[in-house]
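Quick caveat: nothing in here was measured; it's all calculated off a predicted structure. Quick note: numbers below take in every heavy atom, side chains included, and nothing from hydrogens, waters or symmetry partners.
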Amino acid sequence: MIPDTSSMDVPVARRRGLGARGKILSAAGVAGVLALAALSPAIGRWARAEKAVDLARLRVGAVSRGDLLRDLSVQGTIVAAFHPRLFSPAQGIVQVMTRAGEVVSKGQLLALVDSPELTSRLEQEQATLLALRSDLARDEIAGRQARIQNAQNIELFEVRHAAAGRDLERSQRLFDEGLLNKTDYEKARDVVTVATLELQNARRSAELAAETLEVELHNRRLQIERQESVVREQQRRVGQLRIIAPFDGMVATLDVDDRDAVAVNQPLLTVVDLSTYEVELSIPENYADDVEPGTPVVIHFQGREYPGQVTAISPEVRESEVEGRAVFSGQAPAGLKQNQRVSTRIVLDARSNVLKVPRGPFLESGGGHKAYVLKEGLALLRPIEVGAVSVSEVEIVNGLEEGEEIILSDMAPFEGAATVLVRP
């Protein structure tokens, strides 16, 4: 028979108050209430949010007040302001007397084109000029001879006229005394009339001969002047066969080799002026109307910024870009090289004391009309109005206040939600 456990039971006095388990449960309950009270705002925000995103995945920027430069960042290429390409003036054989990369001085002979055609043409024109000058000299001699002959004729007719006059005087005295008949008297008078006409005719003939000779000599001189002009032109063309450096610079490229046969107007070489540089800009088509000659630019070279200004804008659009030219406002930095690429910032507008935020993808995804404002762990969608836009900053005209923070990241993942929970 198995005895019961009554002999093993010992009465224990019950303690007053909560036991250890009760205390634990009570503490857990109090902690739960406190946690619930602390989490109630977060729970409320979570309940209001339509989307949720981690803060680490977002780029946030603060609204501040200050100056804003509306600028445009474009790529630029360093080019020599003067880089003419020299061409062959005639057909012939070229003799190259330089090489690419050689530094040259003004007037230095770079190439020589041998053109027998131009040389022969010059000799022909010079021979023609000598012949015309010889003809002029011969005509001048003939003119002097003609003037002498005319003067002799006039003197002869003057003597005849004087003799006829004296005969008429004697005939007049004899006729008056009755010693000469009327027929002989009238004959003597006719001789004087003929001598007078012959003398007048000789004088007029001499004048006409002198005028004719002067006209002929003038035409000869005009022919010589014309031929001299032709010779000078041929000399100029022959002189152009000597290709010389137009200024101090460097030979950039050679388009031909030594002893090559070249045609008229065929490129020979390019010379660049290393003392003056420009920046060739590629401006997007939609900004072309905002850029004009005189617009300030900032040129970045070797970690430093150099001021400049736009000097020219092309009226032609190529591949959605407009070509422009800019120059350094002061002394160009040392070490520039032809066709070297540099980063250039075009300053389109400068505004002071404006509300602004850093530029981010929110501008494009929101169309510049809305942004998410961070407030107590929530991102609230708010309509905004933007003004000037620069490369790094955006002007806020309406919708935001100084000190507020907005999400700069792309708003597309939020899918237009009015409230987004931002988890820390």
Side-chain angles (χ1 to χ4, degrees), residues 89-92 107 112-242 244 246 264-265:
Q91 181 179 357
L112 180 62
V113 179
D114 182 14
S115 176
E117 179 183 357
L118 281 184
T119 305
S120 175
R121 180 70 180 274
L122 174 60
E123 294 175 353
Q124 294 174 9
E125 298 297 344
Q126 288 176 334
T128 302
L129 177 61
L130 292 176
L132 289 175
R133 287 175 175 172
S134 177
D135 292 341
L136 175 62
R138 184 172 59 253
D139 290 343
E140 288 177 344
I141 294 174
R144 288 196 295 270
Q145 291 176 345
R147 283 194 292 270
I148 293 174
Q149 184 65 39
N150 291 332
Q152 291 177 350
N153 292 334
I154 291 174
E155 291 176 355
L156 179 60
F157 285 118
E158 286 178 345
V159 171
R160 291 178 179 177
H161 182 267
R166 287 192 296 273
D167 288 343
L168 179 61
E169 290 178 357
R170 288 193 297 268
S171 298
Q172 181 69 41
R173 287 196 300 271
L174 293 174
F175 180 75
D176 292 339
E177 293 176 0
L179 299 176
L180 184 67
N181 57 33
K182 186 176 180 180
T183 301
D184 293 335
Y185 170 72
E186 292 178 350
K187 184 177 180 180
R189 191 169 58 183
D190 293 338
V191 171
V192 172
T193 303
V194 171
T196 303
L197 293 176
E198 288 177 344
L199 177 60
Q200 293 176 350
N201 185 56
R203 288 174 176 173
R204 286 196 295 268
S205 297
E207 293 176 356
L208 290 176
E211 293 177 0
T212 302
L213 178 61
E214 186 62 31
V215 171
E216 291 179 353
L217 293 178
H218 179 67
N219 290 336
R220 287 290 187 185
R221 295 188 183 98
L222 290 179
Q223 291 176 0
I224 291 175
E225 290 179 1
R226 177 185 177 278
Q227 189 61 28
E228 287 175 344
S229 177
V230 173
V231 170
R232 284 195 300 269
E233 175 62 19
Q234 290 300 317
Q235 289 175 338
R236 184 189 67 82
R237 297 185 63 185
V238 171
Q240 286 181 338
L241 298 177
R242 295 172 52 87
I244 62 175
V264 181
N265 297 327

For the student: nearest non-hydrogen atoms of Ala206 and Ile154, plus distance: CB-CD1, 3.7 Å
Atom CG in Leu241, atom CG in Leu112: separation rounded to 0.5 Å? 7.0 Å
Note: Ala164 and Val191 closest approach over all heavy atoms is CB-CG1, 3.7 Å
Could you give me the CA-CA distance, side-chain angles and deciding distance for Arg226 and Leu222, then say whether side-chain contact (heavy atoms from CB on, under 4.5 Å) is met? CA-CA 6 Å; Arg226 177 185 177 278; Leu222 290 179; over 6 Å; no
Got a salt bridge between Asp135 and Arg138, using NZ or NE/NH1/NH2 to carboxylate O under 4.0 Å? yes
Exactly one of Arg236, Gln235, Arg237 should register a side chain to side chain donor-acceptor pair (under 3.5 Å) with Glu233. Which one does? Arg236
Please list all pairs passing the side chain to side chain donor-acceptor pair (under 3.5 Å) test where one or both residues lie in residues 188-197, with sequence neighbours left out. His161-Thr196
Residues Ala90 and Val113: closest non-hydrogen pair is O-CG1, 4.0 Å
Looking at CD of Glu216 and CG of Leu136, how far apart are the two atoms once the value is rounded to the nearest 0.5 Å? 11.5 Å
Enter the distance from Asn219:CG to Glu214:CD here, rounded to the nearest 0.5 Å. 10.0 Å
Which side-chain N or O atoms in residues 118-133 pair as donor and acceptor under 3.5 Å with protein atoms at least two apart or in another chain?
unit_1: Thr119; atom_1: OG1; unit_2: Ser115; atom_2: O; d: 3.1
unit_1: Ser120; atom_1: OG; unit_2: Gln124; atom_2: NE2; d: 3.4
unit_1: Arg121; atom_1: NE; unit_2: Glu125; atom_2: OE2; d: 3.0
unit_1: Glu125; atom_1: OE1; unit_2: Gln227; atom_2: NE2; d: 2.5
unit_1: Thr128; atom_1: OG1; unit_2: Gln124; atom_2: O; d: 3.0
unit_1: Arg133; atom_1: NH2; unit_2: Glu228; atom_2: OE2; d: 2.8

What's the spacing between Leu156 CG and Leu199 CG if we round to 0.5 Å? 10.0 Å
Any residue meeting side chain to side chain contact (heavy atoms under 4.5 Å, CB included) with Glu207, in chain and number order, not counting sequence neighbours: none
Counting only heavy atoms from other residues, nucleotides and ligands, does the tally under 6.0 Å from CZ of Arg221 exceed 12? yes
Rounded to the nearest 0.5 Å, what separation is found between the CZ atom of Arg147 and the CD atom of Gln145? 10.5 Å
I'd like to know if the side chain of Gln172 pairs up with that of Asp176 as donor and acceptor (distance under 3.5 Å, no hydrogens or angles considered). yes
